[in-house]
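Model, not experiment: these values are computed from the prediction.
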Amino acid sequence: MSVSDSEALWYPKNAKLEPAWRITLYVREPRQDWIIYVSAKTGNIINKYDNLSESPNGTARIFDPSPVTQLGGHAELLTGKTRLNPVPDKAYRRVTLRDLDDSGYLQGKRVTTQPTKQKRAHRTDYAFLYNSDQNEFEQVMAYHHINEAIRYLEKMGYRGKRAIFHEQVKVNVNGTRQDNSWYSPDEKQLTFGTGAIDDAEDAETILHELGHAIQDAICPNFGQSHEAAAIGEGFGDYFAASFFANRKPDNYQHCVMTWDGLLIGLQQRFNPPCLRFVTNKLTYTNFRAITDYEHENGQIWAATLWQIREVLGQTMADHIILESHFQLDGFTTFTRAARAILDADQNLFKGRNSIKLQSIFRRRKIKLTSIA
């Protein structure tokens, strides 16, 4: 232990100023760094502060990623004849909320729910234990899942100068009464709707929208053409499906938005019921250059990316796909996005997957030419 700094000062105590010393103590092993205030009169410690203290952790109840998957895919437990049933306790999972600041709100260095105006969650004990019918629940969902997803990006190496996000991701979980959610490049904010099933109750919906934020952070104003918009929707579906696949029943791994899209999936008689799938036989020949078709066209790209994941595995596929975005622009095409994936594989893994990737693109009828 060594004293790295000391300073004489006046310390405010009980509405009075007391002469004191501020001493900084440093211990190399195990690592410690303390700031201690000692009374100059008595020699007693007035106060001490752990300069290495970690951000406080909280506890929370969440869906991970949805009550449908948490119940083993038994959607019938959640649906009555005319409306949804109350969500049973076993559909929730208790987790640790990491990286919170000391404000008592759901915010930290990566995420903030500050834009949420209606009944913003605040707990001085950091126990964010809500049910899904409470307004605070969606804030917990958004904070936890976005924070964990960004931690995953950082684990892949996207941190420091290579960090994808250099500011907090801002989230408004009840910004519209419509059954719609979006990411705003101008506001740098995610907004979720409360129509039908609240969108922020579904972790895959949350990460789909975060996918747009990821693309905008790497490539500002991504999605300004029909093909780029479809790539944006397809990547959002892929990112959500890939991140949560191992937490879902096998027959749900290729589904996205299994809670938010439950009613639509039941109406359409999808098996299993959900909003969309990342497995299909669509190819680029099915592409329709109409603005309203960006989600449908996005399924072509989502299926292409999912096929890459099936061949290369999650870790390698996610890394290559994320890295490829650094070569794209707001008006990119399927051809250029495919070429960027091949180049990312070359840069990261010396092209070891080139033949497999080219085979996937050929089967999806995506032409491979140079970017120029």
side-chain contact (heavy atoms from CB on, under 4.5 Å) involving A230 - partner list, sequence neighbours excluded: F287, N297, F334

- request: Give me the one residue out of F243, Y158, F239 that meets ring pair (Phe, Tyr, Trp, His ring centres under 6.0 Å) with Y152.
  value: F243

task: State which residues pass side-chain contact (heavy atoms from CB on, under 4.5 Å) with A203; sequence neighbours excluded, sorted by chain then number.
output: P65, M141, H145, F244

task: Mark yes or no: R120 above the aromatic ring of Y105, with NZ or CZ under 6.0 Å from the six-membered ring centre and no more than 45 degrees from the axis.
output: yes

message: Atom OH of residue position Y126 - does it have more than 12 heavy atoms of other residues, nucleotides or ligands inside 6.0 Å?
response: yes

statement: The single option from T191, D199, N172, D198 that satisfies side-chain hydrogen bond (donor to acceptor under 3.5 Å, both in side chains) with S181 is D199

- request: Identify the heavy atoms of C219 and L328 that sit nearest to each other, and give their distance.
  value: SG-O, 3.1 Å

query: For Q327 and R339, does a side-chain donor sit closer than 3.5 Å to a side-chain acceptor?
result: no

task: Flag the pair D99 and R110 as a salt bridge only when some basic side-chain nitrogen lies within less than 4.0 angstrom of an acidic carboxylate oxygen.
output: yes

- request: Give a yes or no on this: more than 12 heavy atoms of other residues, nucleotides or ligands lie within 6.0 Å of atom CD of Q314.
  value: yes

task: Please tell me if the side chains of Q70 and R93 come closer than 4.5 Å, counting only heavy atoms from C-beta onward.
output: yes

message: I'd like to know if the side chain of D101 pairs up with that of S103 as donor and acceptor (distance under 3.5 Å, no hydrogens or angles considered).
response: yes

- request: Consider only side-chain N and O atoms of T333 and T335, and report whether a donor and an acceptor are under 3.5 Å apart.
  value: no

message: I need the minimum non-hydrogen distance between K188 and D216, along with the two atoms involved.
response: NZ-OD2, 2.8 Å

field: Donor-acceptor contact present, side-chain R364 to main-chain L282, <3.5 Å
entry: yes

message: We want to know whether S242 and D318 form a side-chain donor-acceptor pair, criterion being a heavy-atom distance below 3.5 angstrom.
response: yes

message: What verdict does the side chain to side chain contact (heavy atoms under 4.5 Å, CB included) test give for L368 and L342, after you've listed the backbone C-alpha separation in whole Å, the side-chain angles of each residue and the deciding distance to 0.1 Å?
response: CA-CA 10 Å; L368 292 174; L342 289 169; 3.9 Å; yes

Contacts under 3.5 angstrom, residues 348-357 side chains, donor-acceptor by atom type, not counting sequence neighbours:
residue: N353; atom: ND2; partner: D345; partner atom: OD1; Å: 2.7
residue: S354; atom: OG; partner: Q358; partner atom: NE2; Å: 2.8

task: Provide the closest heavy-atom pair for I214 versus I164 in the form atom of the first, atom of the second, distance.
output: O-CG2, 4.1 Å

task: Identify the two heavy atoms, one from N57 and one from T96, that lie closest to each other, and give their separation to 0.1 Å.
output: CB-CG2, 3.7 Å

field: E204 and S66 side chains, donor-acceptor separation under 3.5 Å
entry: no

message: If you compare all heavy atoms of H212 against all heavy atoms of H208, which two are closest, and at what distance to 0.1 Å?
response: NE2-NE2, 3.4 Å

field: Under 3.5 Å donor-acceptor, T258 side chain and Y252 backbone
entry: no

message: Restricting to non-hydrogen atoms, name the atom on A228 and the atom on G330 that form the minimum distance, rounded to 0.1 Å.
response: CB-O, 3.3 Å

query: Is a side-chain donor or acceptor of T124 paired with a backbone partner of G104 at a separation under 3.5 angstrom?
result: no

Contacts of type ring pair (Phe, Tyr, Trp, His ring centres under 6.0 Å), residue H226, not counting sequence neighbours: none

task: Could you tell me whether a side-chain N or O of N180 sits under 3.5 Å from a main-chain N or O of G193, the two making a donor and an acceptor?
output: no

task: Kindly say whether F192 contributes a backbone atom to a donor-acceptor pair with the side chain of N174 at under 3.5 angstrom?
output: no

message: Could you check whether any side-chain N or O of H325 sits under 3.5 Å from a backbone N or O of I218, counting only pairs where one atom can act as donor and the other as acceptor?
response: no

Would you be so kind as to tabulate the donor-acceptor pairs closer than 3.5 Å made by side chains of residues 127-137, with sequence neighbours excluded?
residue: N131; atom: OD1; partner: R61; partner atom: NH2; Å: 2.6
residue: S132; atom: OG; partner: Y92; partner atom: OH; Å: 3.3
residue: Q134; atom: OE1; partner: N131; partner atom: N; Å: 2.8

query: Is a side-chain donor or acceptor of Q189 paired with a backbone partner of K170 at a separation under 3.5 angstrom?
result: no

Steps toward side chain to side chain donor-acceptor pair (under 3.5 Å) verdict (Y293, E233): CA-CA 10 Å; Y293 278 77; E233 297 301 332; over 6 Å; no

task: Verify whether one side chain among E209 and W182 offers a donor that lies under 3.5 Å from an acceptor in the other.
output: no

- request: Salt-bridge test for R162 and E323: reply yes if a basic N is under 4.0 Å from a carboxylate O, no otherwise.
  value: yes

task: Report yes or no: does T194 contribute a side-chain atom to a donor-acceptor pair with the main-chain N or O of T176 at less than 3.5 Å?
output: yes

Which residues share a ring pair (Phe, Tyr, Trp, His ring centres under 6.0 Å) with F270, sequence neighbours left out: F277

query: Would you say the side-chain atoms of K248 pair up with the backbone N or O of C255, donor to acceptor, closer than 3.5 Å?
result: yes

message: Can you classify the ring geometry of Y238 versus W306 as parallel (below 30°), tilted (30 to 60°) or perpendicular (above 60°)?
response: perpendicular

query: Does the side chain of V111 reach to within under 4.5 Å of the side chain of Q107, using non-hydrogen atoms?
result: no

- request: Give a yes or no on whether the backbone of G108 and the side-chain of Q168 come within a donor-acceptor separation of less than 3.5 Å.
  value: yes

